[in-house]
Amino acid sequence: MIELKNVSKVYPNGVIGLDNINLTIEKGEFVAIVGLSGAGKSTLLRAMNRLIDISDGDIMINRRSITSASGKELRMMRRDIGMIFQNFNLVKRSTVLRNVLSGRVAHNHTFRTLFNLFPQKDVDLALQSLERVNILEKAYTRSSQLSGGQQQRVSIARALAQEAKMILADEPTASLDPVTTKQVMDDLKKINTEDQVTVVINLHFVDLAREYATRIIGLRDGKVVFDGPAQRATDEVFKDIYGRPLKEDELLGKEVG
Amino acid sequence: MIELKNVSKVYPNGVIGLDNINLTIEKGEFVAIVGLSGAGKSTLLRAMNRLIDISDGDIMINRRSITSASGKELRMMRRDIGMIFQNFNLVKRSTVLRNVLSGRVAHNHTFRTLFNLFPQKDVDLALQSLERVNILEKAYTRSSQLSGGQQQRVSIARALAQEAKMILADEPTASLDPVTTKQVMDDLKKINTEDQVTVVINLHFVDLAREYATRIIGLRDGKVVFDGPAQRATDEVFKDIYGRPLKEDELLGKEVG
Amino acid sequence: GSSATDSEVSEGDAVGGTDSEAYVPESLMVQFVPSQNAETLEARAKPLENLLSDELGIDVEVSVSTNYNTVVEAMASGQVDVGFLPPNAYVQAHDEYGAAEVILQSQRFGVNEDGSPTDELVDYYLSMFIARADSDIESIADIKGKTVAFQDYTSSAGYVWPAAILLDEGIDPLTDVNPLILQGHDAGVTAVLNGEADVAAIFQDARNVVAGDFPTVFEDTKVISFTEPIPNDTISVRSDMDDEWKKKIQQAFIKIGQSEEGLEIIRDIYTHEGYTESEDATFDIVRDYAERVQGE
Amino acid sequence: METKLNDRVPIKPSRHSFYLFLVILFIIVFASAIYIEADPYVIVQNGSNMFDLISRMFPPDWSYIVTTTPAMLDTIRMALLGTTMGTILSIPVMFLCARNMFHVRWLVEASRIGLNVLRTIPDLLLAAIFAAILGYSSLAGIVALSVFSVGIIAKLSFEAIENIDDGPLESMTAVGANKLQWIAFGVVPQIMPHFVSYVLYTFEINIRAAAILGLVGAGGIGLFYNRALSSFNYDQVLALILYTLVVVILIDLISLKTREKLL
Amino acid sequence: MKRSDLFKKERFLRRAKFSLLFIVLLALYGWAIAGIQFNGMLDTAWPVTKSIVQGFLTPDTSYIYNPEGEDLLRGLLETLAIAIVGICLSIVLAIPIGLWAAKNLSSTPLISQGGKSTLSFIRTLPDIILALLFIKVVGPGAYAGMLALGIGAIGMLGKLYAEEVEAMDPGPVESIVAVGGNKLEQLAFGVIPQVLPGFISATLYRFEINMRSAATLGVIGAGGIGTPLIFAIQARNWDRVGMIMIGVVLVVLIVDWCSSALRKRVL
Ligand SMILES: Nc1ncnc2c1ncn2[C@@H]1O[C@H](COP(=O)(O)OP(=O)(O)OP(=O)(O)O)[C@@H](O)[C@H]1O
Ligand SMILES: Nc1ncnc2c1ncn2[C@@H]1O[C@H](COP(=O)(O)OP(=O)(O)OP(=O)(O)O)[C@@H](O)[C@H]1O
Ligand SMILES: [Mg+2]
Ligand SMILES: [Mg+2]
């Protein structure tokens, strides 16, 4: 369960990323976050596992405050939250396999991980995750030699290998073709329903959001402007989430062109 | 006009990126290239303005071989080809405006550009391009402080500011929300129809490809498996482009799952 | 008289002068290299600068260096007019480059057996072998087969003179002993103290240098033998120096050494006690020794 | 339309402080140049003097290479051990000094000051200390070289660490890695190429810094440099320079090839 | 099946390579270690260490200021001036050579290899030889010291610059290539903004070394604090050595703090 209480984030340069957000996400939900580019979707996700420190408010993961956690406690909380990054965050110089295995470090003794002595079971898990996203054959390729979509899939595989109780996915399918997209979304849905893994996903595709999510949250300018079950997210609602800026934008576009 | 004659590309690590491609793209076309992730779409685009050297064959831009061009000639050919990169390729430490202005370097004296003395008209053009993609207000922000979609828009603005005769766009809307996506695609369509700018675009969204492109090229494993007008690209065709691998993948998935 | 000299100077310079023409300095560049056998030193140039320019009536610039290659090379290209050179460097500079001509030598007090100064002014110094006080080495002959701390092969006090003594005794300094080449005479003393070398060849009396670190150094070590006198450091001028100016410079230094105020300064800072005229022939002994040691 | 566009353009941030900084910098440099009486004209005037010395270096005395080979091997050997020890010691130091690794302000600043002091110790002093403790021997030389190496490797590497891409670090944080794992997976692969080249560079310096070895009586080619110089045999000096150059390039080449084959 | 085969083969290959390397290294270190003599801790260890530490604890404060000049303050000031002008000279020369030596900027490896060899050669020149060359031209003193330092530093700075360039992200340069920018424009828009922080830290590092290159300058009498330091060490005058080193460390720290404060504010 993820609870956000009056969460705000102001970046050092003064940009307001999040503006007084209150949310509760229950275990097992499949939540899609939608909003214009720059609305604060990534900021919200990154606040949840405290990759950025929020300026105000509190965030609780399973009733424990991640805002005030530290040391081992924080690490263990994060171990249970998988994250798929918008910009992949791969170590370009490392092989694909090592990138995926890095998702397993918190499950193993430090010593073993440092000397790359992962148990066979972890290696198998990593290879399986790669297979799930269809790039097993690239396991020993350097990550810098992959195509855009392949890199994205490696970052998905890393999160899958982590066997987390909760997955935060930041536009995980942006660079993927429709076939792979479907496969990845199906996979996320499967672990969501079968293993009760909570999934919070930033999505730009309204269709996908409607199809997979049980709940949709709309962000605009760092504020929640819609929050409800997927069925209730009608075209009208989306228009509202994207709507106002749309008109403005179109106006701008005309003016300049 | 872009002509590819028997073009092949083998990467140093042995991966075959392109496999004997023959294509002719006429001036003013709006071509969408579709294919699975890793099919060779980016490789194809990057070969066209010779960001990668092909292993075999020849590529002609307006009847001049870019494969054998060099020095000033090559630079002038490239100046007329705008490129939107899949991974943006922004200088993270520079401001947004400077990134966009860098699209104007080949139009100006080297000396002026080095000392950042761009003519006012270029600066205006850069600001207009930023406005077209709705991030004018970020003009003086460091590119590293932008959201994913905002970065993508900067890279689009750079290509627009270049006022090229031909635009190669590598998944230009992957990280954009539907509203901005539509706007960018409309913009591309507009310069395509009004100014007769040839557009070659890698796209993962079948809908978009159908809606905007006049011609669709399907790639699989570095080979052209479909090439025809958008109307002829039926669901069947897409199934064929993406199809076969899908089944294979599913098979693999089963084995492991 | 001085204004006449001045006009001569500018004239000579204006003509540009051929190589054979004598050099008349407009301002004097002096480079000072500390004596090989100095025990304490100050890296200060200003005092000497003031003294000299008072005497000579022209600008004097003094710089301090620890490396005599720089002095010789600078003199060879006319960047330095007067250089303080150790004897071996002087011989090299004179014989090989024709870059320097000796005009003076520094004087210091002799040294007693216990390291304290005598009250006799001399223009030479000695080198010596020391060993640990409890060692059974008593004479040069006993050194055979032992580990000997030398300075590098071009050092007069740290190698050439001591090596000559060994040769006189029929001991080859390279093969009949186990040479340990060190940098710095203090290192030689330390090496004997800590037992790494049985014997060290050092100037008299380098033990003073380490006396601060090892207060008992004079009790802990003994002198085996002294060498013959080694000429003190030279003061040389570049070889195309005008004869009149050579004299002037010579007199200036000697006067400084004789005046009370000047003496105090050169004693405190450079451990010199005065300057005496010298000539090239004085250094034949250096040539002689170099040949003896190398000839073997 | 134009005016409207300009209305919406954000205010351009002022660069005044930057220009002021440049002006101050220029004044400082200029004043320093005057202070040390650096007159470029003198170089033009007397430049040819340089060739007196250069011409005396030719032809190089090739036979000196044979004479100095045992010393060169000694130097390589000591440089190898000194660099190795220095490398090992520098690893913890560099992570402590980098501001983006441990966010314990006082620890980082203290480590940096410590490293600064360490690097200020002159060779001569290092030699005096280690020769007194370990004797005038190769061991003292190796220890002195190690200390010297720590200074170089740790300094360069921690700067490299501070400039890495923090994306991968973020992903390691997100999987709940502890500090060691975070470093091993997020930092090490990124700085490895830098680190390796700094180590090699230090090795190279250590071969050239033979002077330190000479100071502690550990021999090596430093002795031969001094000897050739103090007897004004510049042709021997040139032979030694070229010899060192060849050795350094060879070592570089060998390590490059091994790295290519292995990594 | 397929999966584990892939994994096993890869692992076997890696292990084989590493064992080979291990054996070679073992032999190399065996050879090196065989050359060490160890005489145990010596009697002299304690007295020397003691007097050095004592000297540092009771630094010669009278040396800080002396109305006649030739004191710590003026020595440091002159050293600072030498270091500043020296570093400017090195920057101006090292940037072009460094870019020349960067593998990823030259069309064939041969070209960059030329730059690398040049840098390597400069690094091999002993400081003393450079000093001699310049003393013959400009005479002994701070100017010659500055030139020797400035030219000598090119070898190191150029190398660090080249490495910084080689490690950068190729993407931005690619984007300038794609718009038809020439080499200079690629540098100005793609390379320099990325490598600037690295260049600055390399330069500051070298600047610090310049400050500390007391030894180089001292030997040749180039002025600054180097000569007094060498004299003090040679005379085993530890309290003076301590004072000078404290002065150098302080100046280096101050310069360090100033530059990082400025960097934060200005760049
Ligand atoms: N620099 C490289 N070195 C080696 N192989 C590469 C390199 N870049 C790409 N490849 C490989 O070439 C193939 C085609 O890559 P390309 O980037 O063209 O794919 P793509 O169609 O653009 O895919 P995506 O939709 O994922 O971006 C892939 O298998 C990829 O792994
Ligand atoms: N490091 C940062 N420093 C300053 N401002 C930032 C930073 N990161 C993001 N921002 C700003 O915060 C706002 C929200 O950014 P965020 O990345 O959350 O957007 P997003 O909804 O993920 O957009 P996108 O769909 O484009 O990825 C944007 O205006 C962005 O410019
Ligand atoms: Mg985002
Ligand atoms: Mg691609």
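Treat the numbers as computed from the prediction; the structure is a model and nothing was measured. Every chain is numbered from 1 and lettered A, B, ... according to where its sequence line falls, protein lines coming before strand lines.
Only the side chain of E:Glu208 comes within contact range of chain D, with at least one heavy atom under 4.5 Å from a heavy atom of that chain. For D:Asn163, the part sitting under 4.5 Å from any heavy atom of chain E is the side chain, from C-beta outward, and nothing else. Proximity to chain D (any heavy atom under 4.5 Å) is restricted, for E:Leu160, to the side chain, taken from C-beta onward. Heavy atoms closer than 4.5 Å to chain D are found in the side chain of E:Ile233, but not in its backbone. If you measure heavy-atom distances from D:Met78 to chain E, you find no contacts under 4.5 Å at all. Both the backbone and the side chain of E:Trp31 come within less than 4.5 Å of a heavy atom of chain D. Looking at E:Ile84, the atoms closer than 4.5 Å to chain D (heavy atoms on both sides) all sit in the side chain, from C-beta outward. Neither the backbone nor the side chain of E:Lys116 comes within contact range of chain D; no heavy atom of the residue lies under 4.5 Å from a heavy atom of that chain. With a threshold of 4.5 angstrom between heavy atoms, D:Tyr234 approaches chain E through side-chain atoms but not through N, CA, C or O. Of the two parts of D:Leu229, only the side chain, counted from C-beta on, holds a non-hydrogen atom closer than 4.5 Å to a non-hydrogen atom of chain E. In this structure, chain E has a heavy atom under 4.5 Å from the side chain of D:Leu156, while its backbone stays farther away. Using a 4.5 Å cut-off between heavy atoms, D:Ala131 contacts chain E through its backbone alone, with no side-chain atom that close. Using a 4.5 Å cut-off between heavy atoms, D:Leu240 does not touch chain E at all. Residue contact with chain D, scored on non-hydrogen atoms closer than 4.5 Å, involves the side chain of E:Ile52 exclusively. The part of E:Asp256 that comes within reach of chain D is its side chain, from C-beta onward, which places non-hydrogen atoms under 4.5 angstrom from that chain. Heavy-atom distances place the side chain of D:Glu159, and not its backbone, under 4.5 Å from chain E. Heavy atoms of D:Phe51 lying under 4.5 Å from chain E are absent altogether. Interface remark: E:Leu147 contributes side-chain atoms only to the contact with chain D (heavy atom separation under 4.5 Å). Looking at E:Ser120, both its backbone and its side chain come within 4.5 Å of chain D, counting heavy atoms on both sides. Using a 4.5 Å cut-off between heavy atoms, E:Val138 touches chain D through backbone and side chain atoms alike.
No other option in E:Leu80, E:Val85, E:Val137, E:Ile135 has as many heavy-atom pairs under 4.5 Å with chain D as E:Val137. Chosen from E:Leu133, E:Val48, E:Val249, the residue pairing most often with chain D at heavy-atom distances under 4.5 Å is E:Leu133. Interface remark: of the candidates D:Val237, D:Asn46, D:Ile129, D:Asn46 forms the most heavy-atom pairs closer than 4.5 Å to chain E. Between chain E and the residues D:Ala38, D:Ser48, D:Pro193, the most heavy-atom pairs under 4.5 angstrom are made by D:Ala38. The candidate from E:Thr49, E:Ile129, E:Leu125 with the greatest count of non-hydrogen atom pairs under 4.5 Å with chain D is E:Ile129. Listed options D:Val117, D:Ile43, D:Asp52 were ranked by heavy-atom pairs under 4.5 angstrom with chain E; first place goes to D:Ile43. Here E:Met156 is the residue among E:Glu164, E:Arg236, E:Met156, E:Met146 with the most heavy-atom pairs under 4.5 Å with chain D. Heavy-atom pairs under 4.5 Å with chain E were tallied for D:Asp165, D:Ile249, D:Ile152, D:Val248; the largest tally goes to D:Ile152.
With sequence neighbours excluded, the residues that form a side chain to side chain donor-acceptor pair (under 3.5 Å) with D:Thr83 are D:Asn206.
Put simply, CD on D:Gln190 and CD1 on D:Ile164 are 4.5 Å apart, with the number rounded to the nearest 0.5 Å. Taking CE from D:Met94 and CD1 from D:Ile191, the interatomic distance works out to 3.5 Å, rounded to the nearest 0.5 Å. One distance of note links CE of E:Met211 with CG of E:Leu149; it measures 10.5 Å at 0.5 Å rounding.
At least one side-chain heavy atom of E:Asn210 sits under 4.5 Å from a side-chain heavy atom of E:Arg206. A 4.5 Å side-chain heavy-atom check between D:Thr75 and D:Phe224 finds every atom pair outside the cut-off. With contacts defined as side-chain heavy-atom distances shorter than 4.5 Å, the pair D:Leu223/D:Arg227 qualifies. No side-chain heavy atom of D:Phe158 sits under 4.5 Å from any side-chain heavy atom of D:Arg99. Side-chain contact between D:Ile207 and D:Phe203: present, with at least one pair of heavy atoms (C-beta onward) separated by less than 4.5 Å. E:Asn237 places a side-chain heavy atom less than 4.5 Å from the side chain of E:Asp239. At a threshold of 4.5 Å between non-hydrogen side-chain atoms, the residues D:Leu80 and E:Leu28 count as touching. Counting only heavy atoms from C-beta outward, the side chains of E:Leu157 and E:Ile87 approach each other to under 4.5 Å.
For residues 195-205 of chain D, the set of pairs meeting the salt bridge (charged side-chain N to carboxylate O under 4.0 Å, His left out) definition, not counting sequence neighbours, comprises D:Glu204-D:Arg208, D:Glu204-E:Arg123.
Each of E:Ile225, E:Leu229, E:Leu253, E:Thr79 was evaluated against E:Val248; a single residue qualifies, E:Ile225, per the side chain to side chain contact (heavy atoms under 4.5 Å, CB included) test. Partner D:Ser255 forms a side chain to side chain contact (heavy atoms under 4.5 Å, CB included) with one of D:Val199, D:Val196, D:Leu250, D:Leu200 and no other, that one being D:Leu200.
With no hydrogens or angles considered, a side-chain donor-acceptor pair links E:Tyr161 and E:Thr203 at under 3.5 Å.
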